[in-house]
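Taking it in order: structure first as structure tokens, then the write-up.
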Amino acid sequence: MDINLNDLLRRYRSHPFEDYPVETPHTGIVSFKVREGQTVKGPSGEWLHRPGTLLYVIERERNVKRVTALWNGQVSGIRLDLEGRFVEAGELLLSIRHQLDKEEIIDRILTRVLYILPAPQRARYFLAPEISAKMEKQPERGVPVESGDEVLIMSLMKRDTVISYEGVPGTLYKIYFKSGDMVEQGSPLLGICPPDKLQYVRKVIQRIHAEWEK
């Protein structure tokens with residue numbers, strides 16, 4: 001579908017942020033390690049092997065879990081009233097306000113135009129070998145995909161599952177993860193561009209690049 005690019009650019013200029021909620025993974029006693037407004041960092045390193053800033057620890061039956069930031073940003077809405085208290089699983093403790101850069105804004109706008117293949121569950125994902133091979137041969141042209149094509153491998157609990165594409169035929173235009181990444185359920189994995197939208201998508205990107213810094 002076409003989008004009102006003027007409205008979207010106006011919205012992102014006035015609020016170029018994404019707020020990521022941080023919730024407890026299970027029950028336990030919470031101890032915060034950050035303060036309101038503190039700048040935190042997400043995972044770093046070539047393989048994202050260095051964990052982000054420690055946000056809090058949660059203790060259950062003498063087992064302590066350290067929870068670190070998954071995004072760069074600033075701590076907001078921290079629930080200091082829960083410090084030292086027993087909380088249930090899924091309790092919202094704080095949010096991380098992440099400032100979007102130009103490429104992230106392009107990604108978010110394109111999700112309104114592309115056909116998005118989301119992660120069916122939290123797992124590690126890899127491109128299917130055939131898709132990877134085609135991308136290496138023709139990275140500029142993109143890879144055509146049709147309904148039924150095997151496009152991804154989902155790795156969960158030491159079991160690999162092939163994921164087939166079920167959607168409109170088109171070109172694999174955007175990959176939203178690095179091979180081997182742990183991806184949260186519902187997060188975008190692939191963006192497929194129908195042939196009749198390809199020129200429109202290119203115009204959207206050109207306009208954002210031309211106007212965003214103005």
Side-chain angles (χ1 to χ4, degrees), residues 11-12 14-45 47-101 104-105 107-112 114-126 152-161 163 166 174-191:
R11 188 184 311 166
Y12 280 119
S14 64
H15 188 81
F17 302 102
E18 184 86 23
D19 291 310
Y20 294 103
V22 178
E23 301 176 344
T24 51
H26 51 67
T27 58
I29 296 174
V30 167
S31 178
F32 289 105
K33 302 300 178 182
V34 290
R35 63 186 184 279
E36 183 75 15
Q38 179 177 334
T39 298
V40 297
K41 300 289 187 181
S44 60
W47 307 107
L48 300 180
H49 57 284
R50 289 193 288 271
T53 304
L54 178 63
L55 300 175
Y56 68 92
V57 296
I58 183 167
E59 182 177 352
R60 181 177 64 176
E61 298 177 353
R62 298 184 180 180
N63 292 318
V64 177
K65 180 179 178 64
R66 296 163 56 89
V67 179
T68 57
L70 298 179
W71 310 275
N72 298 335
Q74 285 189 317
V75 173
S76 68
I78 188 168
R79 294 285 309 280
L80 292 178
D81 58 304
L82 298 178
E83 172 69 29
R85 293 180 56 183
F86 183 88
V87 299
E88 299 293 335
E91 185 77 51
L92 176 64
L93 297 182
L94 56 92
S95 294
I96 295 178
R97 172 158 288 188
H98 170 72
Q99 183 162 1
L100 300 168
D101 60 29
E104 288 173 320
I105 288 169
D107 284 347
R108 279 156 177 76
I109 290 176
L110 288 187
T111 59
R112 297 168 177 260
L114 304 177
Y115 182 91
I116 301 298
L117 179 62
Q121 54 187 303
R122 186 176 189 272
R124 295 192 184 278
Y125 289 88
F126 303 84
L152 294 166
I153 296 173
M154 180 178 70
S155 182
L156 180 65
M157 304 291 288
K158 298 183 179 180
R159 175 180 295 180
D160 291 346
T161 303
I163 297 178
E166 301 297 338
K174 180 71 179 180
I175 300 172
Y176 290 94
F177 70 101
K178 292 182 180 179
S179 191
D181 275 359
M182 179 68 73
V183 180
E184 297 296 326
Q185 182 178 10
S187 297
L189 292 171
L190 303 177

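Just so you know, these numbers come straight off a predicted model, no measurement behind them.
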Interatomic spacing from CG in Asn72 to OG1 in Thr53 - rounded to 0.5 Å = 8.0 Å
Nearest 0.5 Å, what's the CD1-OG1 distance between Ile153 and Thr161?
-> 9.5 Å
Contacts of Glu36 that satisfy salt bridge (charged side-chain N to carboxylate O under 4.0 Å, His left out) - sequence neighbours left out | none
Counting N and O atoms only, with roles assigned by atom type, does the side chain of Thr39 sit under 3.5 Å from a partner on the main chain of Gln74, one being a donor and the other an acceptor?
-> no
Answer whether the closest heavy-atom distance between the side chains of Leu82 and Leu93 falls below 4.5 Å.
-> yes
Value for OG1 (Thr68) from CG (Leu55), rounded to nearest 0.5 Å, stands at 6.5 Å
Can you pull the salt bridge (Lys or Arg N to Asp or Glu O under 4.0 Å) pairs that have at least one residue in residues 56-75, sequence neighbours excluded?
-> none
Could you go through the side-chain contact (heavy atoms from CB on, under 4.5 Å) check for Tyr115 and Leu190 one step at a time?
-> CA-CA 8 Å; Tyr115 182 91; Leu190 303 177; over 6 Å; no
Pair listing, ring pair (Phe, Tyr, Trp, His ring centres under 6.0 Å) test, anchored in residues 77-96, at least two apart | none
Not counting sequence neighbours, list each pair that qualifies as a salt bridge (Lys or Arg N to Asp or Glu O under 4.0 Å) and has a residue in residues 72-85.
-> Arg79-Asp81, Arg79-Glu91
Nearest 0.5 Å please: distance from the CG atom of Asp181 over to the OG atom of Ser187.
-> 10.5 Å
Could you tell me which non-hydrogen atom of Tyr125 sits nearest to which non-hydrogen atom of Met154, and how far apart they are?
-> OH-SD, 3.3 Å
Sequence neighbours left out, what passes side-chain contact (heavy atoms from CB on, under 4.5 Å) with Thr111? Give chain and number order.
-> Ile116, Tyr176
Side chain to side chain donor-acceptor pair (under 3.5 Å) partners of Arg35, counting only residues at least two apart | Gln38
Under the ring-ring contact (aromatic ring centres under 6.0 Å, His included) test, which residues partner Tyr12, sequence neighbours left out?
-> none
Side chains of Val34 and Val40: does their closest heavy-atom pair fall under 4.5 Å?
-> yes
Sequence neighbours excluded, the answer for salt bridge (charged side-chain N to carboxylate O under 4.0 Å, His left out) partners of Asp107 is Lys174
Quick one: closest heavy-atom pair of Pro120 and Leu189, and the distance?
-> CD-CD1, 4.4 Å
Contacts of type side chain to side chain donor-acceptor pair (under 3.5 Å), residue Glu184, not counting sequence neighbours | Arg122
Who pairs with Asp160 by side chain to side chain donor-acceptor pair (under 3.5 Å), at least two apart in sequence or on another chain?
-> Ser155
Heavy-atom pair with the smallest gap, counting every atom of Leu92 and Val22 = CD1-O, 3.7 Å
From Ile96 CD1 over to Leu70 CG, what is the distance, rounded to the nearest 0.5 angstrom?
-> 7.0 Å
Any side-chain heavy atom of Leu80 within less than 4.5 Å of one from Phe32?
-> yes
Shortest non-hydrogen contact from Phe126 toward Ser179 = CD2-OG, 3.2 Å
Which pair of non-hydrogen atoms, one from Gly186 and one from Pro118, has the smallest distance, and what is that distance?
-> O-CB, 3.8 Å
Residues in side chain to side chain donor-acceptor pair (under 3.5 Å) contact with Glu104, at least two apart in sequence or another chain | His98
For the pair Arg124 and Leu156, evaluate side-chain contact (heavy atoms from CB on, under 4.5 Å) and give the outcome as yes or no after the intermediate values.
-> CA-CA 7 Å; Arg124 295 192 184 278; Leu156 180 65; over 6 Å; no
Residue pair Val183 / Ala119: nearest heavy atoms and the distance that separates them = CG1-CB, 3.9 Å
Can you tell me how far CD1 of Ile105 sits from CG of Leu110, rounded to the nearest 0.5 angstrom?
-> 12.0 Å
Pairwise side-chain hydrogen bond (donor to acceptor under 3.5 Å, both in side chains) hits with a residue in residues 17-30, at least two apart | Glu18-Arg108, Asp19-Arg97, Tyr20-Arg108
